[in-house]
> 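Take this structure first; my questions come after.
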Amino acid sequence: MHGMTLFPPLSAESRSLVDAIPPLVDRIFPLPGQFRRTLPDNILELSRLLTNNRGSRTASYLGKPALLSAYLRYFLPWNVYRLCRLLPSLTPRLYPHDVIVDLGSGPLTFVIALWIARPELRNMPLEFKCIDHTQAVLDVGKNVFFALAGAGSAWTIKTIKGDIHTPVYGKRPALAAAINVFNETHQKLPHIVSLQNEADNIGKRLAVLAPQALVVEPGVPRSGEFISSLRNALIRKSFVPQSPCPQPGRCPLAPHVTASGGVYGGAKSKWCHFAFPTLDAPETLLKLSADAGLPKERAALSFLFAVNGATTPENEADAPRANADLQARVLSDDFPLPPLAVGRKPLAGRYACSKKGLVLIWGGQDAIGRLSAGALISLQVSKPEKRDKKTNALLIGLV
Ligand SMILES: C[S@@+](CC[C@H](N)C(=O)[O-])C[C@H]1O[C@@H](n2cnc3c(N)ncnc32)[C@H](O)[C@@H]1O
């Protein structure tokens with residue numbers, strides 16, 4: 001059972017370019033002696049600020065030199081790496097002289113990753129409008145980008161100090177990207193209803209901005225719920241999810257609010273996200289992460305690429321069809337299941353998304369473990385269909 005992978009390993013060229021980022025950052029934004037010693041601590045502090053310690057973070061946290069320095073040396077290369085594993089699988093339609101707007105650009109992470117991961121776009125004249133609360137981080141990012149791409153790059157960069165509602169004048173962008181931005185707001189929201197309202201507002205904003213939207217968020221439960229809610233919001237604005245969704249219908253992982261005010265779906269144990277090993281990440285980055293007490297053997301993300309008015313998810317059109325009656329996208333992670341009978345081999349299970357809703361694929365631990373997160377696989381549905389009593393997932397055994 002081989003599936004089309006969503007996160008292919010970096011190409012040799014991408015790998016050497018991603019490896020080149022930490023030394024480039026050192027050249028452009030040298031680390032003063034006092035920060036060199038405290039870099040691992042600053043990374044840890046920033047990581048706490050960005051995850052569980054949000055109350056004490058100000059909007060301009062990246063304007064503080066110690067935190068900016070930590071961002072450039074840890075989050076920038078990791079976010080570029082994660083995007084470079086994803087971007088080769090996506091198919092945004094971009095033509096010469098298109099405009100791309102990047103919301104919450106930080107140090108131009110998305111622009112840098114797109115340049116590395118999509119070499120066929122490098123000579124295409126494209127204009128990027130990069131918006132962020134903090135001008136200082138945009139400025140460093142611009143320097144890093146041109147150091148990488150060369151001063152004569154065909155891409156032009158306009159940095160704009162502003163927020164996600166700042167008007168974007170001129171030609172309508174072809175693509176709106178927002179990478180690791182919305183979690184800064186929605187982590188603070190107290191209830192799923194406020195998360196859904198926030199997703200609705202952001203969906204409307206993205207739909208006004210451009211006909212193609214790419215949103216990537218950390219691979220944590222709250223972000224998975226946000227992405228599912230944003231998917232609903234974009235569908236209401238005539239967008240069709242292209243990736244990772246293998247189907248344009250209801251998201252089986254979207255959180256629902258019941259009549260009594262309770263919430264189901266979006267359960268803690270399953271949310272739409274993908275995790276993959278980081279064996280091809282820069283060695284210096286892996287070491288720095290371990291030194292900071294944040295070892296990263298796997299990278300995780302939740303994302304959505306959606307296009308206004310598209311007819312079908314791209315995956316549906318491209319998927320291998322031989323002998324198969326159901327295309328399913330494998331989610332993270334596998335988990336143990338009890339053996340069918342005493343003395344039989346232990347089993348494992350794994351959730352996947354399909355047009356029949358959530359699928360629970362089960363089989364031997366080796367076979368289930370070999371499925372890579374994000375793979376699009378072909379499954380045969382046995383008749384009559386069987387569903388898991390607890391989750392209502394369609395049960396499919398790997399044979
Ligand atoms: C975690 S960083 C992500 C930066 C970059 N996109 C990346 O993936 O590395 C979040 C960025 O979003 C910016 N930001 C957060 N909320 C914003 C908003 N409402 N409007 C504009 N920028 C925002 C922050 O200043 C910060 O640079």
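Counting starts at 1 for both ligands and their atoms, following the listed order.
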> Can you list the atoms of ligand 1 that are under 4.0 Å from a heavy atom of S105?
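Answer, ordered by atom number: 4 (C), 5 (C), 6 (N).
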
> When you look for heavy atoms under 4.0 Å from ligand 1, do you find them on the side chain of Y71, its backbone, both, or neither?
side chain

> Under 4.0 Å, heavy-atom basis, I'd like to know which part of N180 is in contact with ligand 1: side chain, backbone, both or neither.
both

> Heavy-atom contacts under 4.0 Å between N79 and ligand 1: side chain, backbone, both, or neither?
side chain

> What is the ring orientation for F75 with Y71, classed by angle as parallel under 30°, tilted 30 to 60°, or perpendicular over 60°?
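Answer is parallel, since the angle falls under 30°.
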
> Quick one: sort the W271 and H273 rings into parallel, tilted or perpendicular, breaks at 30° and 60°.
parallel

> Using a heavy-atom cut-off of under 4.0 Å, does the side chain or the backbone of E184 touch ligand 1, or both, or neither?
side chain

> Angle between ring planes, W155 versus F128, binned at 30° and 60°: parallel, tilted or perpendicular?
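It falls in the tilted class, 30° to 60°.
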
> Which of the atoms in ligand 1, numbered in the order shown and given with their element, are less than 4.0 Å from a heavy-atom of G162?
20 (N), 21 (C)

> With a 4.0 Å cut-off on N to O distance, would you call D98 and R93 a salt bridge?
no

> I need the atoms of ligand 1 closer than 4.0 Å to a non-hydrogen atom of L62, numbered in the order shown.
26 (C), 27 (O)

> Do NZ/NE/NH1/NH2 and the carboxylate oxygens of K287 and D291 come within less than 4.0 Å?
yes

> Check the angle between the aromatic planes of F335 and Y351 and answer parallel, tilted or perpendicular using the 30° and 60° thresholds.
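The rings of F335 and Y351 sit tilted, inter-plane angle from 30° to 60°.
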
> Determine whether the side chain, the backbone, both or neither of Y61 has a heavy atom under 4.0 Å from any heavy atom of ligand 1.
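Side chain only.
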
> Between the side chains of E385 and K356, is the shortest nitrogen-to-carboxylate-oxygen separation below 4.0 Å, so that they form an ion pair?
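Salt bridge between K356 and E385, a charged N being under 4.0 Å from a carboxylate O: yes.
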
> With the threshold set at under 4.0 angstrom, would you say L76 reaches ligand 1 through any of its heavy atoms?
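Under 4.0 Å: no for L76.
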
> Taking the non-hydrogen atoms of F182, is any one of them nearer than 4.0 angstrom to ligand 1?
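No.
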
> If only atom types and distance count, is the side chain of S354 paired as donor or acceptor with the main-chain N or O of A328 below 3.5 Å?
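Absent.
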
> Considering only heavy atoms, which of V111, L108, D163, I131 lies nearest to atom 20 (N) of ligand 1?
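Checking each option, the heavy atom nearest atom 20 (N) of ligand 1 is found in D163.
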
